[in-house]
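Scope of the values below: all heavy atoms of this structure, side chains included, with no hydrogens, waters or symmetry mates. In each ligand, atom 1 is the first atom listed, and ligand 1 is the first ligand listed.
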Amino acid sequence: MKRCRIALLPGDGIGPEVVAAARTVLNAAGFEADYPAGRVGWACWCESGDALPPETIETLRGCDAALFGAITSKPADEAEAELAPTLRGTGRRYTSPIVRLRQLFELHTALRPCRAIPGNPLNLRDDIDLVVFRENTEGLYGGIEWHPLPEPLARQMADPDTGHPAKMRRWFDAGLESVAVSTRIMSRAGCERICRAAFGYARDHHRRRVTLLEKPNVLRETGGLMTRAFRDVARQYPGIEAAEANMDVACMHLVTDPTRFDVIVAENMFGDIASDLAAGLVGGLGFAPSSNIGDDFAVFEPTHGSAPDLAGQDRANPVAMILSAAMMLRWLGETPKADAIESAVADAVAAGEIQTRDVAGPAGRGTTTGTAALIAQRL
Ligand code: ATP
């Protein structure tokens with residue numbers, strides 16, 4: 001079998017620590033690969049004015065998959081202020097590298113399993129096992145935004161034939177300088193693709209129900225488009241129950257009655273919210289793996305961010321990153337090694353060996369390195 005090339009993008013904060021932990025476990029599982037590293041994230045932005053430099057993109061193009069740690073993102077004014085002095089005022093704009101990666105490599109599907117590992121003291125309940133499919137390239141995180149509102153766009157939005165003149169008056173009166181716009185652009189193709197991914201997964205993994213989380217009663221155009229796509233795709237999977245829920249109510253039900261969900265599908269931002277919420281039911285961000293999957297490339301990352309409060313202290317829980325690495329092995333067809341890592345994690349949790357700060361509180365004894373070593377020992 002050809003030796004894999006896995007790009008390592010550790011990023012910021014706890015990213016480098018959890019990526020190192022995942023490598024320890026991948027080695028212990030006997031997965032042999034080359035691991036070229038790439039620079040990405042906030043520190044990279046501050047030094048070079050680009051959070052995803054061209055050489056990193058080049059490295060990724062020569063790899064089978066990537067392991068992504070975490071990156072720090074800050075608002076536009078801080079992005080400018082923290083740039084190296086020579087780069088300030090040169091018109092550079094910070095864009096989230098993970099959002100760019102998803103768009104550049106068409107990583108259209110974010111698959112985020114949220115399964116309670118028995119014995120985890122942080123589980124809300126032990127019987128939760130749901131999977132979130134989040135559309136990864138469009139919607140509210142599509143990156144089409146303006147501030148101030150450009151005049152031609154404002155005119156178009158106020159056009160009596162095609163726009164909303166009465167609604168726009170308020171913002172016109174405020175002055176275009178004081179108006180910002182983030183769009184929620186969704187395509188029929190994008191909606192169908194994520195719904196097909198969710199139903200296909202449900203069929204292949206004997207799941208009983210797929211639930212769409214949307215808000216078509218308010219977001220009538222984008223929500224309506226997604227709902228119609230969902231219903232059309234659902235008709236092609238008659239053995240699987242198709243359910244629809246408004247995003248806000250679904251948040252409540254995820255907490256009060258999580259077992260009513262099985263496979264969840266949602267656009268980009270709703271899927272982001274649903275997966276963080278679901279992660280909170282099964283141990284929190286330290287236990288939540290995630291993947292960004294395209295047709296021929298995929299990036300695996302924990303759901304959590306760079307957790308600056310824990311960075312550099314060897315205190316972060318590496319399990320989310322380790323389970324993300326197991327997902328990568330599964331995607332590469334290395335099923336027995338993926339199974340072995342997931343069993344090792346489950347055994348370590350059941351034995352009470354995961355004692356990082358998120359599990360054990362301030363008295364936590366476990367370190368990122370120590371936890372990875374304990375899991376590796378079981379392999
Ligand atoms: P982002 O916007 O990138 O999602 P965020 O600041 O909203 O980032 P995170 O960085 O994911 O959120 O973390 C929120 C908090 O959760 C952290 O401050 C940290 O206390 C806790 N946390 C996150 N990941 C871990 C982990 N792996 N182990 C332990 N605690 C974690």
For the residue pair T356 and D358, confirm or rule out a side-chain donor-acceptor distance under 3.5 Å.
-> yes

Atom 9 (P) of ligand 1: nearest protein contact (heavy atom, Å) = G305 N, 3.5 Å

Ring-face cation contact, Y237 with R207, 6.0 Å cut, 45° max = no

Tell me, which protein residue and heavy-atom name are nearest atom 6 (O) of ligand 1, and how many Å apart are they?
-> P308 CD, 4.9 Å

Does D309 come within less than 4.0 angstrom of ligand 1, counting non-hydrogen atoms of the residue?
-> yes

Under 3.5 Å, side chain of T303 to main-chain N/O of A288, donor-acceptor pair present?
-> yes

Examine the side chains of T137 and E106 and answer whether a donor and an acceptor come within less than 3.5 Å of each other.
-> no

Residue, atom and distance of the protein heavy atom nearest atom 15 (C) of ligand 1 read L285 CD1, 4.7 Å

Would R112 and S290 count as having a side-chain donor-acceptor pair, cut-off 3.5 Å?
-> yes

Under the 4.0 Å line, does any protein heavy atom show up next to atom 21 (C) of ligand 1?
-> no

Distance from atom 25 (C) of ligand 1 to nearest protein heavy atom, with residue and atom | I14 CD1, 4.1 Å

Do protein heavy atoms approach atom 29 (C) of ligand 1 to less than 4.0 Å?
-> yes

Strictly under 4.0 Å, does any heavy atom of S306 approach an atom of ligand 1?
-> yes

Result of checking R330, K337, R378 against E342 for salt bridge (charged side-chain N to carboxylate O under 4.0 Å, His left out) = R330

Please write down residue, atom name and distance for the protein heavy atom closest to atom 31 (C) of ligand 1.
-> L310 CD1, 3.8 Å

Identify the protein heavy atom lying closest to atom 10 (O) of ligand 1, giving its residue, its atom name and the separation to 0.1 Å.
-> A307 N, 2.8 Å

E177 backbone acceptor or donor facing H147 side chain under 3.5 Å | yes

